[in-house]
Amino acid sequence: YLVCGNGDFTRKDVKNYRIDSLETRVKKTGMKILKTRAVSFNNYKILGFSGYRGATDKNLRNLNQKTYRRIKKSNRKWDKRLKSLFSGRISFEQAIFLCHDPPKNCRLDLIKNRKSPMYGKHLGDEYFLKYVRKYQPLLVICGHMHENPGKCRIGRTTVINPGAAYDGKAALIELEG
């Protein structure tokens with residue numbers, strides 16, 4: 001199972017280009033994309049959440065009203081999707097949350113590049129943090145922040161960023177059962 005992020009081209013994105021969408025490529029492998037869906041896997045529940053929001057509440061101070069309203073609307077939709085994903089009858093002690101960005105304020109979302117204007121800032125997703133804190137799934141597997149492979153904890157939840165696959169990075173996660 002996998003989720004889409006900001007660099008994945010969907011069928012909609014590739015209409016005018018001569019490239020395969022992520023869905024087309026994945027279909028050939030037998031893997032499945034989880035956009036906003038939970039699936040059972042052995043004794044576990046995998047909660048997949050695809051997508052990337054870009055600008056969020058933390059960047060809204062100096063925007064024009066039209067952009068501000070567009071981002072607020074996007075944030076409401078994002079929160080609604082997460083609420084529907086986490087609202088099922090699930091044993092969160094056996095839940096694995098797959099998402100693109102790391103939750104905000106864990107060390108996996110810290111900008112370490114000294115040349116970046118965002119150096120030293122945490123740029124993870126505040127909504128992911130909200131739902132991880134509230135529901136405490138067993139595991140969160142994320143990416144996006146290529147410079148920060150590793151793991152951290154948020155309460156009882158272990159968060160893992162395996163790193164950029166194109167750099168040969170990966171994580172082997174062994175689960176009981």
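For reference, positions follow the sequence shown, starting with 1. What you see below is based on every heavy atom in this structure, not just the backbone, and it leaves out hydrogens, waters and symmetry mates. Predicted model, so just to flag it, every value in this text is computed and none were measured.
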**Q.** Spatial distance of atom CG (L110) from atom NZ (K104) [nearest 0.5 Å]
**A.** 10.5 Å
Q. Which heavy atom in G48 sits nearest to a heavy atom in L85, and how many Å separate them?
A. O-CD2, 3.8 Å
Q | Under 3.5 Å donor-acceptor, D167 side chain and K169 backbone | A | no
Q) How are the rings of F97 and F49 set to each other: parallel, tilted or perpendicular (split at 30° and 60°)? A) tilted
Q. Does S84 reach the side chain of T36, with side-chain heavy atoms less than 4.5 Å apart?
A. yes
Q | Nearest non-hydrogen partners of P137 and A95, listed with the distance | A | CB-O, 3.6 Å
Q. Can you hop from Y127 to I90 via hydrophobic side chains spaced under 4.5 Å?
A. yes
Q. Would a 4.5 Å heavy-atom cut-off, applied to side chains only, mark D79 and R76 as touching?
A. no
(Q) Would you say V3 ends up clustered with I173 if hydrophobic residues are merged whenever their side chains have heavy atoms under 4.5 Å apart, either directly or through other cluster members? (A) yes
Q) Hey, is the main chain of Y44 close enough, under 3.5 Å, to the side chain of N42 for a donor-acceptor pair? A) no
Q.
Between V140 and I154, is there a side-chain heavy-atom distance shorter than 4.5 Å?
A. no
Q: Fit a plane to each ring of Y131 and Y135, take the angle between them on a 0 to 90° scale, and name the class: parallel (under 30°), tilted (30 to 60°) or perpendicular (over 60°).
A: parallel
Q | Separation between CG of L108 and NE2 of H122, rounded to the nearest 0.5 Å | A | 10.0 Å
Q) How long is the gap from CD1 on I141 to CG on L2, to the nearest 0.5 Å? A) 11.5 Å
Q: Answer yes or no: does atom CZ of R114 have more than 12 heavy-atom neighbours from other residues, nucleotides or ligands under 6.0 Å?
A: no
Q) Roughly how far, to the nearest 0.5 Å, is SG of C106 from CZ of R153? A) 12.5 Å
Q: Measure the shortest side-chain to side-chain distance between D101 and D109 over non-hydrogen atoms and say whether it is less than 4.5 angstrom.
A: no
Q.
Using side-chain heavy atoms (C-beta onward) and a distance below 4.5 Å, is L138 in contact with E93?
A. no
Q) Going by the angle between their ring planes, with limits at 30° and 60°, are Y52 and H144 parallel, tilted or perpendicular? A) tilted
Q) Can you name the closest pair of heavy atoms from R53 and S74 and give their distance? A) CG-OG, 4.2 Å
Q | Backbone of S50 reached by a side-chain donor or acceptor of R81 within 3.5 Å | A | yes
Q: Could you grab the distance from atom NZ of K130 to atom CZ of F86, nearest 0.5 Å is fine?
A: 11.0 Å
Q: Report the distance from atom CD1 of I96 to atom OG1 of T157, rounding to the nearest 0.5 Å.
A: 11.5 Å
Q) Taking L139 as the fixed residue, which of L98, T158, I46 is the one that meets the side chain to side chain contact (heavy atoms under 4.5 Å, CB included) rule? A) T158
Q. So, the side chain of R133 versus the backbone of Q136: is there a donor-acceptor pair under 3.5 Å, distance only?
A. no
Q | Heavy-atom closest contact (H146 atom, A164 atom, distance) | A | ND1-CB, 3.8 Å
Q: Could you tell me which non-hydrogen atom of P102 sits nearest to which non-hydrogen atom of G143, and how far apart they are?
A: CD-O, 3.3 Å
Q | Backbone of M145 reached by a side-chain donor or acceptor of N161 within 3.5 Å | A | yes
(Q) Restricting to non-hydrogen atoms, name the atom on Y119 and the atom on K112 that form the minimum distance, rounded to 0.1 Å. (A) CE1-O, 3.4 Å
Q. Is a side-chain donor-acceptor pair under 3.5 Å present for R107 with N148?
A. no
